[in-house]
Colleague: 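Submitted below is the structure of interest, expressed as structure tokens.
Given the structure is predicted, the values throughout are model-derived calculations rather than measurements. Worth knowing before you read on, the calculation uses all heavy atoms, side chains too, and leaves out hydrogens, waters and symmetry mates.
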Amino acid sequence: MNRTVGQGTTAPTQTSQSRHDGYTICSAAMSGLAIAPHLFEVSYDLDSFSNLPGIARFLYGIPVRAESPYGNIQERCSSQSPPSG
């Protein structure tokens, strides 16, 4: 079942309120599990769940415009001037 809205809290809320029979699982991003409870009033916390191993990983990056003078993060960090623009 896919539901929109909720800022990542809809699935954890529904899952935490379901029967604890092993038939309901939730795939949720860490933002809904670890960050949202500090920003919003939610009906769950991390102890509301039994965790399965992670199934994905995030790749983080710092996007820049194609015409940027920086080819990698080391070049940007060693630059003395702030980027223009």
Side-chain angles (χ1 to χ4, degrees):
M1 176 183 331
N2 288 324
R3 293 188 179 177
T4 58
V5 305
Q7 298 179 341
T9 63
T10 304
T13 297
Q14 185 173 356
T15 304
S16 69
Q17 296 171 354
S18 68
R19 268 189 240 160
H20 299 178
D21 57 9
Y23 288 99
T24 301
I25 62 171
C26 170
S27 176
M30 288 306 295
S31 59
L33 297 173
I35 299 171
H38 297 287
L39 300 176
F40 312 109
E41 189 173 323
V42 295
S43 61
Y44 61 85
D45 59 24
L46 288 179
D47 293 330
S48 301
F49 308 99
S50 295
N51 295 306
L52 299 172
I55 58 171
R57 67 181 177 142
F58 292 100
L59 298 175
Y60 296 98
I62 300 174
V64 296
R65 293 179 182 214
E67 61 272 10
S68 170
Y70 309 114
N72 57 50
I73 193 68
Q74 287 83 12
E75 290 176 6
R76 176 60 190 106
C77 290
S78 64
S79 172
Q80 296 298 315
S81 61
S84 61

Colleague: At their closest point, which heavy atom of Asp21 faces which heavy atom of Thr24, and how far apart are they?
Modeller: OD1-N, 4.0 Å
Colleague: Just to verify, what does Ser18 make a side chain to side chain donor-acceptor pair (under 3.5 Å) with, not counting sequence neighbours?
Modeller: none
Colleague: Would you say Thr13's side chain and Thr9's backbone share a donor-acceptor pair under 3.5 angstrom?
Modeller: yes
Colleague: Which residues pass the side chain to side chain donor-acceptor pair (under 3.5 Å) test with Glu75, not counting sequence neighbours?
Modeller: none
Colleague: Answer with yes or no whether the hydrophobic clustering places Val64 together with Ile73; edges join I, L, V, M, F, W, Y residues whose side-chain heavy atoms lie under 4.5 Å apart.
Modeller: no
Colleague: What residue pairs, at least two apart or across chains, pass ring-ring contact (aromatic ring centres under 6.0 Å, His included) with a residue in residues 23-42?
Modeller: none
Colleague: With sequence neighbours left out, write down each residue that passes salt bridge (charged side-chain N to carboxylate O under 4.0 Å, His left out) with Glu67, or none if nothing qualifies.
Modeller: Arg65
Colleague: Between NE2 of His20 and OG of Ser48, what distance do you get to the nearest 0.5 Å?
Modeller: 7.5 Å
Colleague: For a quick test of reading the model, state the closest non-hydrogen atom pair linking Gly32 to Tyr44 and the distance between them.
Modeller: O-OH, 2.5 Å
Colleague: Begin with the C-alpha distance, continue with both residues' side-chain angles, and end with the deciding distance and a verdict on side chain to side chain contact (heavy atoms under 4.5 Å, CB included) for Leu46 and Leu33.
Modeller: CA-CA 7 Å; Leu46 288 179; Leu33 297 173; 4.0 Å; yes
Colleague: Sequence neighbours left out, what passes side-chain contact (heavy atoms from CB on, under 4.5 Å) with Asp47? Give chain and number order.
Modeller: Asp45
